[in-house]
Amino acid sequence: MAESDGVTEGYAHGSPTNAASDTPIISVRGVVNKFGRQVVHDGVDLDVYAGEVLGIVGGSGSGKSVLLRTMLGLHRPNAGEVLIQGKNITKMSNEELLAIKRRYGVTFQHGALFSSLTVAENIQLPIREYFDASEEVLRSLTELRLRMVGLPVAAAAKLPSQLSGGMVKRAALARALALDPDILFLDEPTAGLDPISAAAFDELICYLHRSLRLTIVMITHDLDTLISTCSRVAVLVDRKIVVDTLSGIMSNPHPWIQEYFHGPRARAAEAAVGAR
Amino acid sequence: MLLESERSGDELIVRLKGAWLIDNLAEIERALAGISGASAPLVVDFRAIEALDLSGAWLLHRWLVSLGERARVEGEPPAHFAFIEEVLHREPKERIAPPEGKLSLHDALAWIGRNSVDWAKQTRDSIGFFGRVTVNALRVLGSIKRLRLPSVTRHIYETGIQAIPIVSLIAFLISVIVAYLGAQQLRQFGAEIFTVDLVAIAVLREMSPLLTAIIVAGRSGSAFAAEIGVMRLNDEIDALQSIGVNYFEVLVLPRLAGLVIALPLLTIIADAMGLAGGALLSSILLDISLDQFLPRMQDALAPTTFWAGIIKTPVFAMLIALVGTYRGLQVRSSSRELGRLTTMAVVQSIFLVIFADAVFAVVFVELDF
């Protein structure tokens, strides 16, 4: 794997977002989200830097998915703004928004594969939507995506309902990778997987991150995933967000964070990852 | 242009340049296809490529592999190649089989066979379903506590009370139309007064039961199939079974009972609205006032006319509810299935209602009912 680390500057990705820089590619500024009387976010700030793996954690109902949807422009916040490369996402024209979404890859909690399409058709759908390509090229690109996520090529002709849980997650990732994105958003990528598949999936994410220099934003409940993949962690607590490196977060005195990272499950996860 | 080529001695030097990105898929394909035709050995030079992404690198890699010995690489290959080699190395090579080409005789026979087996299975399953419903219904009749009353009332409300406006409107309009067209014909014989007979008998015996059943099949048959189908997709039915709840008792019977109660009542409303429509048209167009209309109608109707219409409706209700719930339970895997089976539920229940109506017509004539 070491040799694939050296993606030289000249061959770097087509988009400027992949150049290492200190300016965030996505900034969330003072976002407030309310549902009726329930305030989910009250002034959330978050920066995503190119090339990092950012984990978002929080209790159930703390608004992790809402935050992700806000960043993706799928949900309009009650106040605050989301800046992508310095531009406010809510004020963008449709064309600008499309150009940006084209650089995103997203997987949803339950895969959200289109159930009436085969895996291959699922992966080809975004490519067909944006570009003009022959069947031969599409098949070839599909094959690459499947191999990248470690699915057998025979899975291409299967319908989502014929796949196991782990394969659905991988197929969803393959679809997210269809357009060679710069940023991957993963919503609970390892939820519902057995520990072996989850570990394999973590490894896959690390592998793609290292080899393709993808920026990854992921929501996760899986402490193993968090510890083994994320460079920074954002914790949603009390309607606010705390962002720090993993070790920084672990020494944060907030009681919920302490409970989360130092509870019995956390200690076990740490020990397990340390042993690996 | 993504490449330029130049002949140098025996060899063709191919200089790749520009952006080899997924955005230029079509161009990449054209460029590679164009150069593959050359017979001379190729020297491929990557150094002038400005941007390359994984898709571009993959297509380039495939192309080089397909050229095999004929191509020689000048300069450092792109770093993405290392990733691709690694990905390819991780698994044994396998290609996605292209979609099947022409149908052969063998395929046709297999298709016929598969469909016959499916058809037989379907028939068996539907008989099985009917049997299970009957068994469960008998058990529920044995102890009325098992009948889920809140659920039944909900279905009476949704399939019956909520359908009153549309059923009334359609019954009213159709009977106005029949009365109007009938009057046109009967006037030729100076027998306008028989319009009353026509409307009264047609509405009570045939039109309002049939129309109401068809509207309800469209409204509620589809709702039954879709509701239960989505529950299937969400594994809710498996969840019910694992809790030990009999889903026939919870899902099928309340719908069946609700509709069997609601449809006759709806039909009575449709009868009333139909007669009202006929009376209105008669008084406006034919100068038959309500005072004349009512006695004439009572003369025209046999005591059995009303019942000949109403007695059919529980049967229609059963057909609609059974087909709707059966098709809903058949949904297995995908959203497309759901759509297909919901459509099928509506089409089949309408067909069965009309078919049953025809059977009733023949039976009633034979019985002189």
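Labels below follow one simple rule: chain letters A, B, ... track the order of the sequence lines, proteins then strands, and each chain is numbered from 1. Side chains included, hydrogens not; waters and symmetry mates left out as well; all remaining heavy atoms used.
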> At a heavy-atom separation under 4.5 Å, does A:L177 approach chain B through its side chain, its backbone, both, or neither?
Replying inline: neither
> Taking the six-membered ring where the residue is Trp, are the ring centres of A:F108 and A:F185 under 6.0 Å apart?
Replying inline: no
> Under 6.0 Å from the six-membered ring centre of B:F224 and within 45° of its axis: does the NZ or CZ of B:R255 meet both?
Replying inline: yes
>> I'd like to know if the side chain of A:N122 and the backbone of A:L113 have a donor-acceptor N/O pair within less than 3.5 Å.
In response: no
> Which atoms of A:A178 come close to chain B, meaning under 4.5 Å heavy atom to heavy atom: side chain ones, backbone ones, both, or neither?
Replying inline: backbone
>> Could you check, using the six-membered ring where one of them is a Trp, whether A:F201 and A:Y207 have ring centers closer than 6.0 angstrom?
In response: no
> Tell me, side chain or backbone of A:L208 under 4.5 Å from chain B's heavy atoms, or both, or neither?
Replying inline: side chain
> If you count heavy-atom pairs under 4.5 Å with chain A, which of B:A19, B:S55, B:G339, B:A26 comes out on top?
Replying inline: B:S55
> Between B:I84, B:L25, B:I22, B:I28, which has the largest tally of heavy atom pairs under 4.5 Å with chain A?
Replying inline: B:I22
> For chain A, which of B:R336, B:R332, B:E337 has the most heavy-atom pairs under 4.5 Å?
Replying inline: B:R336
>> Salt bridge check, B:E50 against B:K17: does any charged N sit closer than 4.0 Å to a carboxylate O?
In response: no
> So which part of A:F131 gets closer than 4.5 Å to some heavy atom of chain B, the side chain, the backbone, both or neither?
Replying inline: side chain
